[in-house]
Structure formats: C-alpha cells, structure tokens
Amino acid sequence: MKRITVLGSSGSIGRQTLNIVSKMKDNVFIEGLAIGSNVKILKSQIRKFKPAAVSVNNSSDAQNLRKWCVSNNIKTDVYSGNTGLEKLVTMPKADMILIAVVGTIGLKPTIAAIRAKKDIAVANKETLVMAGSYIMKLAAENGVLVLPVDSEHSAIFQCCAGEKKSQIKRIILTASGGPFYKYDKDFSKITAEQALDHPTWKMGKKITIDSATLMNKGLEAIEASVLFGIPIDKVEIAIHPQSVVHSMVEYIDGSVIAQLSNPDMKLPIQYALTYPERLPSNIKPLNLVEINKLEFYKPDFNKFPCLKLAYYTAKKGRTMPAVMNAANEAAVAAFLNKEIKFTDIAKIVEKTVKAHKISENTSLDNFIEADLWSRQYAEKLINKV
C-alpha cells in the first residue's frame, strides 16, 4: 500500500489522480490533499478519501472547513497557507507527494518534501525550470525519487529504463502544436477564448495558454534537460498533432525508442503512482491501424518566439530560466485578464529576460530573488502596454 499526498487536488491532474486512486484502493491510499480555494470540491474529496490532513490557501477557509469537519464527525486536520503545505508534505506516513499545483508556488513544498525524504511525482514543470539543478541535487542527497507525471517526460523516463545516460544521443519531445501551429492569420488578434480551445488536451488555463504559445514545450525542454541530466542542445522538439507518440529517445547506435498510447493523462499519472510496478488500467487500447498515420513537423521558432526564448535562457543557465518562467506567468495572467495581446506575452518575457543580470550564485535564495525581480519587472512592462 502506497500512501500519497496530492497538492492541487482540485485541478485537472489532481482530479484525474483521485479518479485513478478510487479504482486502486488496494494499492494506493490518500494521506493528504491540498487545494487553493475550491473548498466545495475539497469537501467532496474529504468525504470520499478521508485523508489524515488537508490544506487550503486562506486561513478563514481553513477555519470554516475545521468547523465543517467537526459538525460532520470527520477527523481530518486542516492547515492553511505555505505553512500548511509544508506540514502536509512532511506527514510521517506519506510515501509520495504528487506536486500538481501550477506555478512556482510548488517550489517550497517540493523542497520540504524532499528534505523529509518523500518521493516526488512532479506535474509542476515551473519548479524544475526555476530551480531544477538545486532540486535534483537535493533529491540525490536524500535518496529521493523524482518521477515525472507529464506525458512527455514519463515517456522519456520509460524509454530510458535500463539504459546508460552516456549512450543517449538526443531526446525528441513531441508537441501537439496547440491550436495555432498551422494558423496563418494575425497572431495579435488571437483572443483568450481561441487560445484556450486546445485541440487535444483538456488542461488548466495557464498551461493551455502556454501550449498555444509553445512556451509549454520550451519549459518541458528545460525540464527534460534537468530531469535526465542531458544538455539542452540534445533536446529537440517535433510537432506531432496526433499526440500518440509521447516522446522518443535516440541512442548512439541509431536506435530510437518511443512510448506510444492514446492521449490520456491517466496513464502517466498511474505509472508514477505505481512505479516500479505496472497495473491494469481502463485506458482505451491503442489501434495504430485505426489511426492510420503519424505526422511530425519541425516547430517554427520565429512563429513561436516563446520557444526560442526558452532555449536561449536554458543555454544561459543559472538564474535566467527562473526569470523567464516568472515573466511568462505574469504575462499569461495579464493576457487571460485581457490586459495585453497574445503577441505581447513573448515581448514581455523577452524584455524581462534581456534586462536581467545573471547571478552566478545558484543558492535557493538567489532563484527566489530572481523570480521576484522578474515578476515586478514584467508587471511594470504590462502596465505600460
């Protein structure tokens, strides 16, 4: 029996995780749950999974939730804020923490969990982009597994099983291309509603916008470099509209190993939860004859400047990826609030990145300081648009 805590249980990944767990009661137990503000969903999750503890952002929500637990004779501890997240991820009985919160809010609880020697299932790429070298070093020091939940990184992880890192020639990350890879109209007129209409995946708003700009694939390229210890120059991207080949690894002898399945996030989530075992699932079997063709295209770095920026900052290294990530978070939020145009996202990120003076110090405090500086600088740019 594996006991897991889920941060971000009200989001897309979190809800799918709990759906999987509900069908694996003999194998996985929910120890803790954390959400931002959707207390209604959390209450239904508490009733169903009876976690030892939960956490919410707001202290007043936590107080009301404690009263609700008492009135319903539910013995679940309720925490709040950043302190609550850290308490949740360090509970003694938890074996694994699934980090499914969006953005850099996942950084501190991830570090706290690793220091508590909890294995990590990571669906939060921003944390690894911001401070990946620090996190992977800390995980190695504490003997902690960092298991990818993103479909692409799960695919790479599976393709690398039993192989030597030194024999990897390149990693090929596949991308659906989002809604605009064939779009030939004025990108500045793209609305939030259009950008949120993803052709393949149903995801949260921030990651869906990142998919539309292809920043998401840039973040994933950096994450792959960090997770697998591969230089960014050896991480390539191929647009693959069918989203059946989730990624590939080419070895020095010319062999290319790929992981394929129908596009369904439940598969990589389940693999992370049950690793190193595989258990049956109800995912639709892959029928290549029915699919008929698999297409691959080169990404257009000029059409999608966010992708170019991701590779640029990855090559610069140190605090630069953290700056890019924070500026992107600020710009995407502004676009969703209809404060800026779709094309302004890349412009704001680029201006912020170019203004940043890279710090040679790669301590955690420096990553956090770079993140804060970037947000403030980006907000100034947004206010001038």
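Computed from a prediction, not measured in an experiment: that's the story for all the values here.
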Once rounded to the nearest 0.5 Å, what's the spacing between atom [atom1] of [X] and atom [atom2] of [Y]?
| X | Y | atom1 | atom2 | result |
| --- | --- | --- | --- | --- |
| N216 | I209 | CG | CD1 | 11.0 Å |
| T90 | K118 | OG1 | NZ | 7.5 Å |
| S247 | I257 | OG | CD1 | 13.5 Å |
| T208 | L196 | OG1 | CG | 6.0 Å |
| T352 | R375 | OG1 | CZ | 11.5 Å |
| M96 | E31 | CE | CD | 14.0 Å |

Next on the checklist: Is any side-chain heavy atom of D95 closer than 4.5 Å to one of D119?
Outcome noted: no
Should [X] and [Y] be counted in the same cluster of Ile, Leu, Val, Met, Phe, Trp and Tyr side chains packed under 4.5 Å apart?
| X | Y | answer |
| --- | --- | --- |
| M248 | I252 | no |
| F29 | I97 | no |
| L364 | M136 | yes |
| L267 | L147 | no |
| V245 | I283 | no |

Next on the checklist: Is there a salt bridge (charged side-chain N to carboxylate O under 4.0 Å, His left out) between E250 and R170? Walk through the geometry before answering.
Outcome noted: CA-CA 5 Å; E250 182 181 1; R170 61 176 175 151; 2.3 Å; yes
How far apart are the closest heavy atoms of [X] and [Y], and which atoms are they?
| X | Y | answer |
| --- | --- | --- |
| V144 | I114 | CG2-O, 3.7 Å |
| A327 | A378 | CA-CB, 4.1 Å |
| G218 | L307 | N-CD1, 3.5 Å |
| G317 | I358 | O-CG2, 4.4 Å |
| R66 | Y79 | NH2-CA, 4.3 Å |
| A224 | I156 | CB-CD1, 4.3 Å |

Check [Y] with [X], please: is the shortest side-chain N to carboxylate O separation under 4.0 Å?
| X | Y | result |
| --- | --- | --- |
| K125 | D150 | yes |
| K308 | E350 | no |
| K206 | E126 | yes |
| E141 | K117 | no |
| E290 | K284 | yes |
| E360 | R318 | yes |

Checklist entry - Going through the checks in order, is the side-chain hydrogen bond (donor to acceptor under 3.5 Å, both in side chains) test met by N366 and S359? => result CA-CA 7 Å; N366 271 70; S359 172; 2.6 Å; yes
Item to check | Side chain S374, main chain A370, donor-acceptor under 3.5 Å | outcome: no
Checklist entry - Do the side chain of H240 and the main chain of E295 share a donor and acceptor less than 3.5 angstrom apart? => result yes
Item to check | Residues D371, N325; criterion side-chain hydrogen bond (donor to acceptor under 3.5 Å, both in side chains); working and verdict | outcome: CA-CA 8 Å; D371 175 273; N325 177 69; 4.7 Å; no
Checklist entry - Can you tell which of M324, M130, H356 makes a side chain to side chain contact (heavy atoms under 4.5 Å, CB included) with T319? => result H356
Item to check | Worked check of salt bridge (charged side-chain N to carboxylate O under 4.0 Å, His left out) between E193 and K338 | outcome: CA-CA 11 Å; E193 291 74 20; K338 301 185 178 179; 3.3 Å; yes
Next on the checklist: Check for me whether the distance between the ring centres of F157 and Y275 falls short of 6.0 Å.
Outcome noted: yes
Item to check | Check: T174/H246 side-chain N/O donor and acceptor closer than 3.5 Å | outcome: no
Next on the checklist: One pair to check against ring pair (Phe, Tyr, Trp, His ring centres under 6.0 Å): F342 and F180. What are the steps and the verdict?
Outcome noted: CA-CA 12 Å; F342 184 79; F180 305 125; 5.6 Å; yes
